[in-house]
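Take a look at the structure below.
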Amino acid sequence: METQNEESPKKILNFIEAFVEQDLREGKNGGRIQTRFPPEPNGYLHIGHAKAICLDFGVARDYEGVCNLRFDDTNPVKEDVEYVDSIKEDIQWLGYSWKNIYYASDYFQQLWDLAIELIKQGKAYVDEQSAEEIAKQKGTPTVPGTESPYRNRPIAENLAFFLKMNSGEVTEGSMVLRAKIDMASSNMHFRDPLMYRVITSHPHHRTGNTWKAYPMYDYAHGQSDYFEGVTHSLCTLEFEVHRPLYDWFIDQFKASAYRPRQIEFNRLNLTYTVMSKRKMLQLVQEGLVSGWDDPRMPTICGLRRRGYSPASIHSFIEKIGYTKFEAQNDIGLLEYAVREDLNKKATRVNAVLNPVKLIVTNYPKDKVEMMETVNNPEDETAGIREIPFARELYIEREDFMEDAPKKFFRMTPGQEVRLKSAYIVKCTGCKKNSEGNIEEIYCEYDALTKSGLPESSRKVKGTLHWVSAAHAVQAEVRLYDRLFSVENPSADPRDFRELLNPNSLTILTNCYVEPSLVEAKQLQQFQFQRIGYFNVDLNSNPDKLVFNRTVSLKDSWAKEQNKA
RNA sequence: UGUCUUAUGGUGUAAUGGUAGCACUGCAGUUUCUGGAUCUGCCUGUCUAAGUUCGAAUCUUAGUAAGACAACCA
């Protein structure tokens with residue numbers, strides 16, 4: 001009775017989950033677990049964000065805690081509601097739901113009040129120097145900074161100026177509020193970090209023109225965590241140096257033993273991809289891709305349009321893990337993950353991308369047979385459907401060779417092949433035009449080898465997919481490949497735009513797909529038999545079918561040929 | 001000539017002082033009405049050097065290499 005648990009292997013914890021369990025064992029925060037996903041609404045989410053989302057929401061789920069969505073909207077210059085909606089959509093598509101939605105801007109008043117408190121304690125001051133002067137005084141990582149001439153002005157003066165920073169009397173850039181810490185600290189972030197700056201040029205997307213002084217990240221982020229009761233504040237490695245300051249601010253205000261714990265993990269770097277918001281924006285603005293949801297983009301919406309499933313993204317993220325090592329993740333693993341998922345789920349259909357006519361010369365001219373075919377051999381519950389077979393078919397041009405090498409198992413004169421779910425046929429020849437291009441291929445079928453009949457179990461080396469010429473529907477198929485031609489575009493000295501793969505998109509307009517696909521819905525995923533996984537594009541409609549290649553099938557024949 | 005962080009097969013990730021394992025890739029084979037999938041096998045690894053210990057991928061020290069930090073961005 002008690003034996004079940006002994007059988008189940010213990011889940012391998014990553015270092016963050018191990019910390020969380022340790023905190024739980026030690027009884028911290030009364031056993032409460034709370035995380036947050038804190039995007040800035042200034043761009044679209046990409047697969048790197050998905051990694052963070054899976055951790056933030058996953059930890060909350062696994063330890064019966066809560067995860068909130070909080071928009072870190074402290075910089076009205078860059079932010080917009082447009083992004084808020086897409087961020088929500090992408091998180092939900094990944095399968096997560098937040099407990100609450102918060103905005104850092106909800107805390108502007110609280111943050112303001114605490115800043116005043118800090119000024120009163122003599123721990124913050126208004127600096128009237130220019131950005132350049134302040135930067136100069138910061139020193140360098142190896143040279144200590146120097147103190148601002150305004151550092152020791154009277155508290156009353158600081159209070160008065162701070163009020164002016166928010167009243168509209170002060171022009172943008174002329175005053176900032178700084179925490180008074182240590183200009184000689186070996187941690188640059190302790191050299192009197194900026195807490196507030198004045199922004200009058202852009203209204204805030206939620207608070208409008210109410211505020212003129214806006215809090216900076218280091219102050220606002222940590223305090224927001226604290227206000228919300230976050231127990232584990234998970235972020236990427238570049239914030240490691242910020243952690244002492246994160247702790248410092250919270251220590252100035254905390255009222256009990258509770259303090260959120262920041263833990264940093266490694267960012268997701270994908271080979272043959274750029275992940276920086278700036279570079280992605282450039283690709284979009286310069287028309288080098290069709291938009292944020294271009295199927296070649298590593299954005300969540302791009303992956304969705306490309307045909308990636310949420311399950312495949314979860315599986316990929318689980319495989320790469322969370323560590324403190326700055327990894328280069330192989331995009332091949334992402335492709336493996338989507339093949340693995342779609343192999344189990346996608347209906348197999350027939351589509352001929354590069355068609356050539358095949359005529360079954362001994363098949364009656366007007367006859368049409370409906371052939372039964374299984375929807376998915378990996379899933380018995382997927383059922384069967386019927387596809388029309390007739391005398392004139394289309395097959396792939398690459399599936400025929402007039403003079404074939406020994407290992408070529410496809411259509412070649414004198415050789416038998418199986419037409420999937422139909423008959424075994426023997427190639428009898430072909431017709432070429434004056435330029436030597438093949439126009440038609442001929443074969444004869446053996447009526448006894450219809451699929452399901454005893455004679456159909458005859459061994460033939462090759463099986464081809466096909467569509468009936470009279471019944472097939474013309475379609476556009478877009479073949480995608482990796483966006484960049486070098487493994488690590490960010491490490492390359494050349495401009496990243498010079499590194500784009502010129503063959504990342506191939507549009508085929510003369511493809512033929514089986515008639516059942518007219519019914520296909522947008523984003524629906526299929527396996528085009530023997531070719532790859534494809535989905536229905538967002539712009540597809542029954543009058544003009546458009547398919548996107550998610551990923552090709554593994555092709556050991558192509559590999560064999562490349563060896564030669 | 002600072003502070004912090006990291007280093008395990010080609011790639012990613014386990015092993016928490018006690019047999020270096022898993023996944024992807026690659027290679028070979030099996031099987032197949034998808035040259036897919038499946039199944040099997042194989043190749044390849046603890047950055048270096050000292051130290052502690054019966055025993056070190058793990059702890060210590062020193063080196064080496066890589067990354068983060070000098071935005072009125074987050």
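Computed from a predicted structure; not experimentally measured. All chains are named by letter (A, B, ...) in the order of the sequence lines, taking the proteins before the strands, and each is independently numbered beginning at 1.
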Contact state string [nucleotides 56-71 of chain B, B base, S sugar-phosphate only, - no protein heavy atom under 4.0 Å]: -----------SBSBS

Footprint string (nucleotides 33-46 of chain B, 5' to 3'): B base within contact, S backbone only, - free, heavy atoms under 4.0 Å: BBBBS---------

For [Y], does its backbone N or O pair with a side-chain atom of [X] as donor and acceptor, under 3.5 Å?
| X | Y | answer |
| --- | --- | --- |
| A:E264 | A:C235 | no |
| A:Q525 | A:G307 | yes |
| A:N266 | A:T323 | yes |

Under-4.0 Å side-chain N/O to phosphate OP1/OP2 contact, [X] with [N]:
| X | N | value |
| --- | --- | --- |
| A:K559 | B:G26 | yes |
| A:R197 | B:A74 | yes |
| A:T74 | B:A74 | yes |

A:S309 and A:D341: CA distance, side-chain angles, deciding distance, side chain to side chain donor-acceptor pair (under 3.5 Å) verdict: CA-CA 8 Å; A:S309 56; A:D341 182 47; 2.4 Å; yes

Give me the distance, rounded to whole Å, that separates [N] from [M] when you measure between the [atom1] atoms they each carry.
| N | M | atom1 | result |
| --- | --- | --- | --- |
| B:C42 | B:C22 | P | 10 Å |
| B:U40 | B:U48 | P | 34 Å |
| B:G67 | B:C73 | P | 27 Å |
| B:C24 | B:G17 | P | 30 Å |
| B:A71 | B:U19 | P | 49 Å |
| B:A20 | B:A57 | P | 8 Å |
| B:U16 | B:C59 | P | 11 Å |
| B:U44 | B:G2 | P | 41 Å |

Just the table, please: protein N/O against nucleotides 15-19 of chain B N/O, every pair under 3.5 Å.
none

Atom [atom1] of [X] to atom [atom2] of [N]: distance rounded to whole Å?
| X | N | atom1 | atom2 | result |
| --- | --- | --- | --- | --- |
| A:F316 | B:G12 | CZ | P | 11 Å |
| A:I320 | B:G12 | CD1 | P | 11 Å |
| A:N562 | B:C27 | CG | P | 11 Å |
| A:D341 | B:C24 | CG | P | 15 Å |
| A:F162 | B:C72 | CZ | C1' | 14 Å |
| A:R267 | B:U5 | CZ | C1' | 15 Å |
| A:F190 | B:C4 | CZ | P | 13 Å |
| A:N329 | B:C24 | CG | P | 15 Å |

5' priority, RNA chain B, between A:P215 and A:Q328 [closest heavy atom]: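 It is A:Q328 whose nearest nucleotide is closer to the 5' end.
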
Selection residues 417-427 of chain A - residue pairs positive for salt bridge (Lys or Arg N to Asp or Glu O under 4.0 Å), sequence neighbours left out: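 Residue pairs passing salt bridge (Lys or Arg N to Asp or Glu O under 4.0 Å), neighbours aside: none found.
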
Consecutive-pair stems (at least three Watson-Crick or G-U pairs, under 3.5 Å) that include RNA chain B: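 Ordered by first number, the stems with RNA chain B (at least 3 consecutive pairs each) read B:2-7 with B:64-69, B:10-13 with B:21-24, B:26-29 with B:39-42, B:47-51 with B:59-63.
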
What's [X] touching, base or sugar-phosphate or nothing? Going by heavy atoms closer than 4.0 Å.
| X | answer |
| --- | --- |
| A:Q22 | nothing |
| A:A131 | base |
| A:F325 | sugar-phosphate |
| A:N266 | sugar-phosphate |

Sub-6.0 Å ring centroid separation between [X] and [Y]:
| X | Y | answer |
| --- | --- | --- |
| A:Y308 | A:F316 | no |
| A:Y445 | A:Y423 | yes |
| A:Y44 | A:Y83 | yes |
| A:F249 | A:Y226 | no |
| A:Y102 | A:F227 | no |
| A:F409 | A:W557 | no |
| A:F484 | A:Y272 | no |
| A:F526 | A:F534 | no |

Which residues share a ring-ring contact (aromatic ring centres under 6.0 Å, His included) with A:F239, sequence neighbours left out: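 So A:F239 forms a ring-ring contact (aromatic ring centres under 6.0 Å, His included) with A:Y217, A:H242.
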
Donor-acceptor side-chain pairing of A:Q328 and A:E487 below 3.5 angstrom: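 No, no side-chain donor-acceptor contact under 3.5 Å.
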
A:L419 side, atom CG; A:K450 side, atom NZ - distance, nearest 0.5 Å: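 A:L419 CG to A:K450 NZ: 13.5 Å, rounded to 0.5 Å.
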
